[in-house]
Protein chains: 2
Amino acid sequence: MIKAPSPPELRLDNQICFAVYSTAHAFAQAYRPWLEPMGLTYPQYLVMLLLWERDGRSVNELAQPLQLDSGTLTPLLKRMEKAGFVTRGRDDKDERITRIHLTDFGQSLQDQARRIPAAMLCNSGLDLNRLNELREQVQELGKSLRQA
Amino acid sequence: MIKAPSPPELRLDNQICFAVYSTAHAFAQAYRPWLEPMGLTYPQYLVMLLLWERDGRSVNELAQPLQLDSGTLTPLLKRMEKAGFVTRGRDDKDERITRIHLTDFGQSLQDQARRIPAAMLCNSGLDLNRLNELREQVQELGKSLRQA
DNA sequence: TGACAATATATTGTGCACAATTAAATTGTG
DNA sequence: CACAATTTAATTGTGCACAATATATTGTCA
């Protein structure tokens, strides 16, 4: 019994979903040498980016930009609290809300983090303009997929 | 005490790593309506793509193109075996090698899968040419990051 | 042939990611 | 005010992802 060859549109190499999936993992690996010395994982670093922009966010104010839910964030934030990056406490006015605040230590890590973007630009093998164009296209793609 | 504003290169929205990370998750969600009826998760679907191309691969021959290790694949393949998509058995000549073979059921799912790429193309909001260009750029980026 | 290095997979432990559910606080409405 | 609806997090259960380690088989060379 002869088996038909796999159609080209099902080949792994032709899947943009896999290109994105695989490159996402490559990014996490590329960040590791910078993040591990700080004691941060890659998703925790994303949380730090948001808190450096604006401190005292609620879980939802982290979840929305990151597109994550409380099932992911709650244990992640507990680990970050245990590691001394943030504090977790209920909002004074509305006890439903958990507010996340940077510790002095967490705030202080921003100085080290400032060196990362230039290093990653170098690792990317692209110039800043092309990388920004690519970023916008990938952002648009993500947006289309989410509303589809 | 005044806190300096977060530098723009550390803003989450300016990070291509996050655009890729977030779009990868959006893809997994976009595939779900097609994969769930088949009983496949997204990473399992990637394994199926490789097996439809060429059956009887070793764990390593799956691991290399997927950029995953045995710590991820072994339990994933056991779940796929339990679900009836594949069989796992040692190579006759070299007992170190575990060979993965599609079951008839696993092979038969390819027909359903053939309809997925067109649907995802539609979800992407792009035409095939632009999507292919974008895929190649993302693949190149991943390659640069891995060898950096 | 008999150590021993190399290879291939599996195991262990930690940390995401997400669906589904639960629980508590607040808001809106009659 | 009572109380249903809503909002916000936390919990539970399953499935990746990966570093580090362990185990078993094969190849090699003295």
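Chain letters run A, B, ... following the sequence lines, proteins first, then strands; residues in each count from 1. In what follows, every heavy atom counts, from backbone to side chain, and hydrogens, waters and symmetry copies are set aside.
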Counting just side-chain N and O atoms, does [X] come under 4.0 Å of either OP1 or OP2 of [N]?
{"X": "A:Arg90", "N": "D:dT8", "result": "no"}
{"X": "B:Arg88", "N": "C:dA10", "result": "yes"}
{"X": "B:Tyr21", "N": "C:dA17", "result": "yes"}
{"X": "B:Lys78", "N": "C:dT11", "result": "yes"}
{"X": "B:Gln44", "N": "D:dC16", "result": "yes"}
{"X": "A:Asn60", "N": "D:dA9", "result": "yes"}

- Contact class for A:Asp69 vs. all strands (heavy atom < 4.0 Å): base, sugar-phosphate, or nothing?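 Base contact.
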- Message: Need one value for B:Leu68: base, sugar-phosphate or nothing, where a base atom within 4.0 Å counts as base even if backbone is also close, heavy atoms only.
- Response: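 Sugar-phosphate contact only.
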Could you tell me whether the side chain of [X] has a donor or acceptor atom within less than 3.5 Å of a complementary atom in the base of [N]?
{"X": "B:Arg96", "N": "C:dT9", "result": "no"}
{"X": "A:Thr74", "N": "D:dA9", "result": "no"}
{"X": "A:Thr98", "N": "D:dA9", "result": "no"}

- DNA chain D: A:Thr72 or A:Asp94, which has the more 5' nearest nucleotide?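 Residue closer to the 5' terminus by nearest nucleotide: A:Asp94.
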- Query: What is the distance, rounded to the nearest whole Å, between atom CZ of B:Arg99 and atom P of C:dA8?
  - Reply: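 One finds 10 Å between P of C:dA8 and CZ of B:Arg99, rounded.
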- Task: Measure the distance from CG on B:Leu40 to P on D:dT14 and round it to the nearest whole Å.
- Result: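 My rounded result for the distance is 19 Å.
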- Query: Any side-chain heavy-atom pair from B:Leu77 and B:Thr98 closer than 4.5 angstrom?
  - Reply: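 A side-chain contact is absent here, since even the closest heavy-atom pair is not under 4.5 Å.
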- Audit row: B:Arg79, B:Leu76, side chain to side chain contact (heavy atoms under 4.5 Å, CB included) steps and yes/no: CA-CA 5 Å; B:Arg79 284 187 290 270; B:Leu76 184 151; 4.0 Å; yes
- Message: Does the plane of the ring in A:Tyr45 sit parallel, tilted or perpendicular to the ring in A:Trp52? Use 30° and 60° as the thresholds.
- Response: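 A:Tyr45 and A:Trp52: perpendicular rings.
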- Query: What do you reckon, are the aromatic ring centroids of B:Tyr42 and A:Tyr21 less than 6.0 Å apart?
  - Reply: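 Yes, they do, as the ring centres are separated by less than 6.0 Å.
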- Task: Look through every strand shown and name the nucleotide pairing with C:dG30 as Watson-Crick or G-U wobble, where both distances are under 3.5 Å.
- Result: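 Pairing partner, where one exists within any strand: D:dC1.
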